[in-house]
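No experiment lies behind these values; they were computed from the predicted model shown.
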Amino acid sequence: MSKDISTELMSVCKRRGYIWPSFELYGGVAGMFDYGPLGTSMRNNILEAWRNIYKVREGFIEIDSETINPEDVFKASGHVEQFSDYMVNCTECQLPFRADHLVGNFCENPDTMSPAELEKAFRDFNIKCPECGGELGKIEDFNLMFKTTIGPGSSRIGYLRPETAQGIFVNFQNLYRYNREKLPLGVIQTGRGYRNEISPRQGMIRMREFNMMEVELFVNPEDKSWPRFSEVQNGELTLLPNDTDKTVTMTVAEAVDKGVIANPVLAYFVYTTKQLLERVGIDTEKLRFRQHLKDEMAHYAADCWDAEVLLSYGWTEITGIADRGCWDLSRHSEFSGADLSHFEMFDEPKEMTFKKVVANHKKLGPAFKEKAKDIASALESETEDNIFDNKITLNINGERIVLTDEYFEVREVTEKVNGKRVIPHVIEPSYGLDRIFYSVLEHSYFNDEKRGYSIMKLVPGIAPIKVGIFPLMDKDGLDVLAKKIFADVHSSETPAYYDDSGTIGKRYARMDEVGTPWCVTVDYDSLKGPNKGTVTIRERDTGDQKRIPADDVAGVIRQLINGKEFSTL
RNA sequence: GCGAUUGUAGUCCAGCGGUUAGGAUUGGGGCUUCCCAAGCCUCCGACCCGGGUUCGAUUCCCGGCAAUCGCACCA
């Protein structure tokens, strides 16, 4: 496939109302696109297909959180550190470098230095380009998050979220309680994310403001099975594991058994992703799952697979499916101080016998007065190991207090333990909606030499318009019947398009170009003769026509959308 | 961010230091029993933005913005 395809396709998309580059009136802004009427419909259809799988089939719960987040969230998530680098370009060879890395051998804590300090260090230590020895240019702040302030003044820093995931993590306690404190807990969210890309390229593939469909599945770290795994175990996957450079085809069960994919739940959602992409019209011949390379994987990720599709731009990531371990919840727990763990009940309570330090309140009270309460609670968290010479040394609000054994006793107790606390692990299938949208268009786009124009072979479920309805001529009562059918179809909640302009061929062509799967035409036979009361229905991809009763159009279209074969009409 | 190429109706392309800026196609209206972009008539629609040179710039020069490609970055 040549580069021209994307140019041609974007031209059709712009002309027909799928996609418009944003702000063209004012010269345009790179990496930003608006969805036109047809694009908006199709995008909603893809989103609905995704919801049908995750919300309906899997029973996950959906939320909608803020796009502007306070700085704390991204400090915890690591984005503040990870997305903010000082960069410097060599003035000779133009290669960019992390400024803090260059001064690493000369300065303490280079990552805390300001741009001015870094530039001073370049001069002081005579640091040159490590590649060619050229002079280094001026330092630039390289922040991929859009920064803003919340409220008046500039004290409260906020960022536009670079992913929707954090909105789920910061709501973990609410979600966990909503789910009645049970795992697995599947949560989904769609919405926009923002990254101030340095150099957006490849049209809709790298956007500065983009739409995501994210799933965060919280599971017990010790149980990465999945109840419906058996339903997909024989499904085939095209995989590109990170220890080889060629793709292998194997079943889901094989991938897990051979340890290619780390665990069943991850494998299940890799296959789910294939199901979704196929359903919305991705050509599975041009789909593969590539495992992240060891050094490419985030340090916390246990395993990560990207769904990649072959586009005119080359293999392009459109979905990432990662086992993020306990990283996200641990970080938010650490930064917020909140308990984000799950209480895992044992199958049967365990009797555990251990030695416990018990405070003697009767003695403590009179001896320590108002300090007694703090001392007692500190005592009870002590263990036998800290008793030396029958004494325990405590640190109460900075004061060192030594207690003899008249103030406590060590008792052997037997307690029933019902379970333990664990930090859930996160399985994250994260879908780039705009990339999927574009990929569907590219995989559906065919330049039909015979017809002399392009066809968009969208799957019916995704097509923004399901049926075009035309009177052969805009007179003689043909228009009356056509308008009635149009109203019928709309009454059955099926998007249709009425067209009475120009010649019939032109109207078919228009519908083919935007991907409408069927067209219905009212002709003179519809009004009189043996075919009275029937109309023609035409299939987009073949051009084949059948006659069906005019009254049945709405019903037939619904059947066709639901998968009935056109040839059986 | 660097380099190369480019920027004219919705789309594709032509052109020029002084033009009513040209064509094709799309789009609107009309005619035609009109089933695969048929034909005829008719109408609407553009020189990316800002400076400079010049009597005069859509055209030449500089800068910006945007696009395509390569490098880098990002995932």
Side-chain angles (χ1 to χ4, degrees), chain A residues 2-4 6-8 10-17 20-32 36 82-83 85 87-98 131 137-138 140 142 144 162-163 193 195-203 205-208 210 290 292-293 296-298 304 306-308 312-313 315-320 322 430 432 435 448 450-455 468 470-478 500-513 519-528 535-540 542-545 547:
Chain A
S2 75
K3 287 282 174 203
D4 297 341
S6 61
T7 311
E8 267 178 47
M10 281 313 278
S11 169
V12 172
C13 284
K14 202 174 156 187
R15 212 152 26 85
R16 294 299 187 190
W20 297 319
S22 300
F23 313 112
E24 273 201 309
L25 188 64
Y26 290 104
V29 177
M32 295 189 174
Q82 192 188 325
F83 276 62
D85 297 327
M87 299 298 295
V88 62
N89 281 68
C90 170
T91 56
E92 304 282 331
C93 67
Q94 307 306 338
L95 287 172
F97 301 96
R98 286 270 298 268
E131 285 298 318
K138 91 173 183 289
E140 289 174 38
F142 209 69
L144 255 59
E163 59 178 23
R195 294 182 191 184
N196 202 0
E197 297 288 350
I198 310 144
S199 171
R201 284 295 165 86
Q202 302 172 321
I205 298 304
R206 177 149 301 132
M207 288 165 68
R208 288 194 164 119
F210 53 102
R290 186 178 69 83
H292 272 205
L293 302 173
E296 182 182 24
M297 230 177 288
C304 185
D306 284 346
E308 296 186 330
S312 56
Y313 304 117
W315 286 100
T316 306
E317 174 198 347
I318 59 173
T319 297
S430 171
R435 288 184 175 191
D448 192 314
K450 252 200 253 170
R451 301 192 202 199
Y453 56 81
S454 64
I455 312 183
F470 319 140
L472 188 62
M473 299 287 286
D474 190 26
K475 60 183 183 182
D476 302 330
L478 297 175
D500 60 13
S501 76
T503 64
I504 192 72
K506 195 181 265 186
R507 287 178 256 166
Y508 286 142
R510 249 197 296 257
M511 288 293 98
D512 288 346
E513 204 173 36
C519 291
V520 164
T521 301
V522 176
D523 59 12
Y524 284 93
D525 286 354
S526 307
L527 302 182
K528 56 177 186 257
V535 294
T536 64
I537 180 165
R538 166 189 178 272
E539 188 182 43
R540 175 192 63 207
T542 58
D544 291 349
Q545 282 193 341
R547 289 200 83 91

Colleague: What is the distance from atom CD of A:Gln545 to atom OH of A:Tyr508, rounded to the nearest 0.5 Å?
Modeller: 4.5 Å
Colleague: Identify the nucleotide, in any strand shown, that forms a Watson-Crick or G-U wobble pair with B:G63, with both distances under 3.5 Å; if there is none, say none.
Modeller: B:C49
Colleague: Give me the distance, rounded to whole Å, that separates B:A46 from B:C36 when you measure between the P atoms they each carry.
Modeller: 36 Å
Colleague: Using atom C1' in both nucleotides, what's the gap between B:C71 and B:G18 to the nearest angstrom?
Modeller: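 Those two atoms are separated by 44 Å.
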Colleague: For B:U33, which nucleotide in any strand shown is its Watson-Crick or wobble partner with both distances under 3.5 Å?
Modeller: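 Its partner is none (no Watson-Crick or G-U wobble pair with both distances under 3.5 Å).
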Colleague: Would you say that A:Asp448 contacts A:Tyr453 through its side chain, given a criterion of any heavy-atom pair below 4.5 Å between the two side chains?
Modeller: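 Answer no - side chains too far apart.
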Colleague: For B:G1 versus B:C44, give the span between their C1' atoms, rounded off to a whole number of Å.
Modeller: 43 Å
Colleague: As a test of understanding, state which of A:Ile504, A:Val535, A:Leu478 forms a side chain to side chain contact (heavy atoms under 4.5 Å, CB included) with A:Thr521.
Modeller: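 When A:Ile504, A:Val535, A:Leu478 are each tested with A:Thr521, the side chain to side chain contact (heavy atoms under 4.5 Å, CB included) holds only for A:Ile504.
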Colleague: Within this structure, what is the CD-to-C1' distance between A:Gln202 and B:G70, rounded to whole angstrom?
Modeller: 12 Å
Colleague: In whole angstrom, give the distance that lies between atom CE of A:Met207 and atom P of B:C73.
Modeller: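 So the two atoms are 24 Å apart, to the nearest Å.
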Colleague: Please find the pair of heavy atoms, one from A:Pro162 and one from A:Phe210, that lie closest to each other, and give the distance.
Modeller: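 Heavy atoms only, the tightest pair is O-CZ, 3.7 Å.
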Colleague: Could you tell me the separation between the OH atom of A:Tyr26 and the P atom of B:C49, rounded to a whole number of Å?
Modeller: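 Value for this atom pair: 13 Å.
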Colleague: For the C1' atoms, the ones on B:G28 and on B:U33, what distance do you get once it is rounded to whole angstrom?
Modeller: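 One C1' to the other, the span is 24 Å.
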Colleague: Could you encode protein contacts along nucleotides 30-37 of chain B as a string, one character per nucleotide from 5' to 3', using B for base contact, S for sugar-phosphate-only contact and - for no contact, with a heavy-atom cut-off of under 4.0 Å?
Modeller: --SBBBBB
Colleague: Between B:A24 and B:G39, how far apart are the P atoms? Round to whole Å, please.
Modeller: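 Rounded to whole Å, the distance is 12 Å.
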Colleague: Salt bridge (charged side-chain N to carboxylate O under 4.0 Å, His left out) with A:Arg208: which residues, sequence neighbours excluded?
Modeller: none
Colleague: What are the two closest non-hydrogen atoms of A:Ser526 and A:Arg547, and how far apart are they?
Modeller: OG-NH2, 3.5 Å
Colleague: Output yes when a side-chain donor or acceptor of A:Asp523 lies under 3.5 Å from a complementary backbone atom of A:Asp525, and no otherwise.
Modeller: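 Looks like yes, one N/O pair under 3.5 Å.
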Colleague: Let's test this: given Watson-Crick or G-U wobble pairing with both distances under 3.5 Å, identify the partner of B:C55.
Modeller: B:G18
Colleague: With sequence neighbours excluded, tell me which residues meet salt bridge (charged side-chain N to carboxylate O under 4.0 Å, His left out) with A:Glu317.
Modeller: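 Salt bridge (charged side-chain N to carboxylate O under 4.0 Å, His left out) check on A:Glu317 returns nothing, list empty.
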Colleague: Among the nucleotides B:C74, B:C69, B:C12, which one has an atom lying closest to any side-chain atom of A:Tyr313?
Modeller: B:C69
Colleague: Partner lookup for B:G1, please. Criteria are Watson-Crick or G-U wobble with both distances under 3.5 angstrom; report none if nothing qualifies.
Modeller: B:C71
Colleague: Just how far, in rounded Å, is P of B:U68 from CD1 of A:Ile205?
Modeller: 11 Å
Colleague: Rounding to the closest angstrom, what is the interatomic distance between B:C16 and B:C60 at atom P?
Modeller: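 To the nearest whole Å, 10 Å.
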Colleague: When the nearest nucleotide of RNA chain B is assigned to A:Met32 and to A:Glu308 on a heavy-atom basis, which residue is associated with the more 5' position?
Modeller: A:Met32
Colleague: Rounded to the Å, how far apart are A:Glu24 CD and B:U8 P?
Modeller: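 Atom CD in A:Glu24 sits about 11 Å away from atom P in B:U8.
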Colleague: Atom CD of A:Glu8 and atom C1' of B:U25: how far apart are they, to the nearest Å?
Modeller: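 These atoms are roughly 15 Å apart.
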Colleague: In whole Å, what is the span from the CG atom of A:Leu293 to the P atom of B:A75?
Modeller: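 Atom CG in A:Leu293 sits about 14 Å away from atom P in B:A75.
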Colleague: Could you measure between the two C1' atoms, the one in B:G23 and the one in B:C65, and give it in whole Å?
Modeller: 29 Å
Colleague: Please measure how far the C1' atom in B:U58 lies from the corresponding atom in B:A75, and state the result in whole Å.
Modeller: 42 Å
Colleague: Could you tell me how far apart A:Leu25 (CG) and B:C65 (P) are, to the nearest whole angstrom?
Modeller: 18 Å
